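These numbers were taken from a predicted model, which means no experiment stands behind them. Lettering follows sequence order; numbering is per chain, from 1.
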Protein chains: 2
Amino acid sequence: MDETTSRPDAMPEPETAAALKDIRQTLSQLVGYHLRRASVYDMNGAVAALEPVDARPITMSVLTSIVEQPGRTSADICRMLAIKRANIVGLLQALEARGLFTRRDDPADQRLQRLYPTPEGVAAARQWLHLVQEHENRILSRLSLAERAELRRLLALVWADERAEEG
Amino acid sequence: MDETTSRPDAMPEPETAAALKDIRQTLSQLVGYHLRRASVYDMNGAVAALEPVDARPITMSVLTSIVEQPGRTSADICRMLAIKRANIVGLLQALEARGLFTRRDDPADQRLQRLYPTPEGVAAARQWLHLVQEHENRILSRLSLAERAELRRLLALVWADERAEEG
DNA sequence: TATTGTTATACTCTATAACTATA
DNA sequence: TATAGTTATAGAGTATAACAATA
């Protein structure tokens, strides 16, 4: 008996129907898909928000790291932001060319260049951050202030393990 | 009077100190950074979870779309998943080569190829989804079931605007 | 004119390997 | 041996432009 030939598309065989029910149930519970879509949507908006000041999100993250923690090395910042050392070189060159930070050789360890923001760098970090904050106010407009804080807390819990694994 | 030369690094000029306070305050409220870090962390785990079955997250999303909504076109799926038509071609070719779905020309509109899962495709979708679900159980282990549901709800609210803008 | 499926291609982002200098 | 900073490069992922077929 060939069951499949006697069943139209709308009525799959029982085994497949049970699998489909399971699939729908699993799909509806997945968080990762929403995480991805929300992150891409946010990133696109952040890129647009920073375009007028000729910066990208990663550029802003590097600059704010230097401003918030003056004296860190580029390797330090790479570990904080989870980016590769090779990929921060161009970002730092661009920020340095704009006079937003300066490098000073560490007198105790000649391998290290410690990074310090200039006053212009501090001002730029503040401006860029406010542009991103305005963008966030837009994409989070459907969330109350309490919900935004809760979202931030839950997201921090998600990637907290990443730090636990490495550092 | 040149104030800057008389102030060491640890004591920036008052204007800069006020800016720094503002920067820290803004940074602590940003959601996008956590969104990005959480999403990247999740995606890396999802890629690893699907590696044994030779699939990637986007591959699984396409397959589950076909399984959940049989008879949709590739352009439909591109709109659902927010990917470009040009980039789904290779994904579909790979899934088709593995016998996980079939194409049928639409009799009423010759431009359309409607996509239908095979029983093997349904089984694969279920298996892949469960692999991802196990991965999610790991990265969400610090969240209660209620918190996971709340996170999913809040994330869906974030990118809900994307749909509202286009469709 | 608009849409589908497709090809070719460019651009961005990220990852790896290798090198020099220093510890 | 290990780390910092750098260069070069390879690989994904994603974007645009163009095309033929069809509506």
Legend entry - For atom CG of B:Asp105 and atom P of C:dT3, their distance in whole Å: 21 Å

Inset, instruction - Could you state the atom-to-atom distance from CG of B:Leu91 to C1' of C:dT6 in whole Å? - result: 14 Å

Inset, instruction - In whole angstrom, give the distance that lies between atom CE of A:Met43 and atom P of C:dT12. - result: 14 Å

Legend entry - Test item: side-chain donor near acceptor, A:Tyr33 and A:Arg37, under 3.5 Å: yes

Inset, instruction - Starting from the 5' end of DNA chain D, give me the residue, A:Ala75 or B:Ala108, whose nearest nucleotide shows up first. - result: A:Ala75

Inset, instruction - Name all residues meeting the side-chain contact (heavy atoms from CB on, under 4.5 Å) criterion together with B:Glu134; count only those two or more places apart in sequence or in a different chain, and write none if there are none. - result: B:Arg138

Inset, instruction - Give the rounded distance in Å between these two atoms: CD of B:Glu96 and P of C:dG5. - result: 12 Å

Legend entry - Phosphate contact (D:dA4 OP1 or OP2) by A:Arg79 side-chain N/O below 4.0 Å: yes

Legend entry - Distance-only side-chain donor-acceptor flag, B:Asp76 / B:Thr73, under 3.5 Å: yes

Legend entry - N or O in side chain of A:Arg103 less than 4.0 angstrom from D:dT6 OP1/OP2: yes

Legend entry - Cation-pi geometry met for A:Arg104 and A:Tyr116 (6.0 Å, 45°): yes

Inset, instruction - Take B:Arg148 and B:Asn137 through the side-chain contact (heavy atoms from CB on, under 4.5 Å) test and state the conclusion after the steps. - result: CA-CA 10 Å; B:Arg148 297 177 199 190; B:Asn137 282 338; 3.4 Å; yes

Legend entry - Whole-Å gap separating P (C:dT1) and CZ (B:Arg111): 16 Å

Legend entry - Spacing of A:Leu112 atom CG relative to C:dT22 atom P, expressed in whole Å: 12 Å

Legend entry - First of A:Gln110 and B:Thr73 reached from the 5' end of DNA chain C, by closest nucleotide: B:Thr73

Legend entry - Nearest atoms (heavy-atom pairs only) where B:Glu136 meets A:Gly32: OE2-N, 2.5 Å

Inset, instruction - Answer yes or no: does a side-chain N or O of B:Gln113 lie under 4.0 Å from OP1 or OP2 of D:dA21? - result: no

Inset, instruction - Check B:Ser74 against B:Leu92 and note the closest heavy-atom contact, atom names and distance. - result: CB-CD1, 3.5 Å

Inset, instruction - Whole angstrom is fine here: how far is it from CD in B:Gln93 over to P in C:dG5? - result: 13 Å

Legend entry - d(CD1, B:Ile88; P, C:dT4) in whole Å: 12 Å

Legend entry - Base-contact (B) and sugar-phosphate-only (S) positions in nucleotides 12-18 of chain D, heavy-atom cut-off under 4.0 Å, - elsewhere: -SBBB--

Inset, instruction - Would you indicate what A:Arg114 reaches in the nucleic acid, counting non-hydrogen atoms under 4.0 angstrom: base, sugar-phosphate, or nothing? - result: nothing

